[in-house]
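Encoded as structure tokens, the structure appears first; notes follow it.
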Amino acid sequence: MKTCCYVKKDFITEVEEKSLLTEVEPHMKRLRYEKSHWDDAIHLYREREQRKWRDENLEVISRIRSESFGANTEHLTYVHILDLHKDGVIKPHIDSIRYCGDVITGVSLLSDAIMRLRHKDRKEELVVDLLMPRRSLYRLGGPGRYEFTHEVLGESESCWEGEKVPRNRRISIICRDLPKVTNRAKEEEIQLKPIPEEN
């Protein structure tokens, strides 16, 4: 698990974080926080997709992909931006193989957080917590991708080595690879709520 699910501290600098926030904040502020996601996995969030980035931020996106994916990976064109309210949570879930590939990766802006992985069958035996400090990169792959649920804990549950981890508003910049061809949903089968996007 350690080789496929991990966190890298200080993956981006304060300057890079500020640059990313400067680009995404004006768009996020126009959206309202939602109380429920289409698959009921997220509470108090807003999200959008973005394809075009400023050059300095595209360099960061490229670095995220280089760290987390193999050389011949087919990437989803759009980067997912998820804004989680201070009181928001991501509930335990496993992503659908029809819409996601083998790896999910991203950087955490504005706040530390705890991600919990729990085996889908041995829920009380196999539990792994990952501390995701502000400006860190996280990567989920291998058995951690579809054999374990993943969640981001609320502030009341967020502890690391016996110490409380303060939770503030958190924005994650998320990259995914394409689903395997055999798993991909047909376009007409996808009935999701549209996410605001940049052309």
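In this text, all values refer to a predicted model and were calculated from it rather than measured experimentally.
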Please check if Val89 and Leu44 belong to a single hydrophobic cluster, counting links between Ile, Leu, Val, Met, Phe, Trp and Tyr side chain heavy atoms closer than 4.5 Å.
-> no
Test item: Ile64 and Val79 side chains (from C-beta on) under 4.5 Å apart, heavy atoms | no
Using 4.0 Å as the upper bound for N to carboxylate O, is an ion pair formed by Asp95 and Arg145?
-> yes
Indicate yes or no: at least one non-hydrogen side-chain atom of Glu16 is less than 4.5 angstrom from one of Glu59.
-> yes
When clusters are formed by joining ILVMFWY residues with side-chain heavy atoms under 4.5 Å apart, either directly or through shared neighbours, do Leu140 and Leu126 land in the same one?
-> yes
Are His27 and Ile81 side-chain neighbours, meaning at least one heavy-atom pair lies under 4.5 Å?
-> no
Decide whether Ile61 and Phe69 are clustered together by the hydrophobic rule: side chain heavy atoms of Ile, Leu, Val, Met, Phe, Trp, Tyr closer than 4.5 Å, transitively.
-> no
Where is the tightest heavy-atom contact between Glu56 and Ser19, given as atom of each residue plus distance?
-> CG-OG, 3.4 Å
Does the pair Lys18/Glu14 count as a salt bridge with the N-to-O cut at 4.0 Å?
-> no
Rounded to the nearest 0.5 Å, what's the gap from OH on Tyr45 to CD on Glu34? Could you check?
-> 5.0 Å
When you look at Leu117 and Cys5, which way does the side-chain contact (heavy atoms from CB on, under 4.5 Å) test go after all the steps?
-> CA-CA 10 Å; Leu117 308 180; Cys5 299; 4.3 Å; yes
Residue pair Met28 / Arg46, side-chain heavy-atom distance below 4.5 Å = yes
Once you round to the nearest 0.5 Å, how far does CG of Asp83 lie from NE2 of His85?
-> 9.0 Å
Verify the cluster assignment for Tyr33 and Ile174: are they in a single hydrophobic cluster under the rule of side-chain heavy atoms below 4.5 Å apart?
-> no
Salt-bridge contact Arg169-Glu25 (side-chain N to carboxylate O under 4.0 Å) = yes
Does Glu67 pair with Arg139 as a salt bridge, N-O distance under 4.0 Å?
-> no
Lys123 versus Thr149: any side-chain heavy-atom pair under 4.5 Å?
-> no
Decide if atom NZ of Lys164 counts as having more than 12 heavy atoms of other residues, nucleotides or ligands within a radius under 6.0 Å.
-> yes
Test item: Met132 and Val152 side chains (from C-beta on) under 4.5 Å apart, heavy atoms = yes
Check whether Leu110 and Leu20 end up in the same hydrophobic cluster, where Ile, Leu, Val, Met, Phe, Trp and Tyr are linked by side-chain heavy atoms less than 4.5 Å apart.
-> yes
Hydrophobic cluster mates of Ile114, side-chain heavy atoms under 4.5 angstrom, ILVMFWY only, any path?
-> Leu131, Leu153, Trp160, Val165
Distance, nearest 0.5 Å, that separates NE2 of His119 from CZ of Arg122 | 6.5 Å
Do Arg170 and Ser108 have side-chain atoms, one donor and one acceptor, less than 3.5 Å apart?
-> yes
Among Arg116, Lys91, His93, find the residue that satisfies the side chain to side chain donor-acceptor pair (under 3.5 Å) test when tested with His150.
-> His93
Separation of Arg63 CZ from Leu137 CG (nearest 0.5 Å) = 9.5 Å
CZ on Arg118 to CD1 on Ile94, rounded to 0.5 Å = 12.5 Å
Rounding to 0.5 Å, atoms CG (Leu109) and OG (Ser172) come to a distance of 7.5 Å
Hey, are the side chains of Asp102 and Thr73 touching, using non-hydrogen atoms and a 4.5 Å cut-off?
-> no
Would you indicate whether the side-chain heavy atoms of Tyr138 and Leu130 approach each other to under 4.5 Å?
-> no
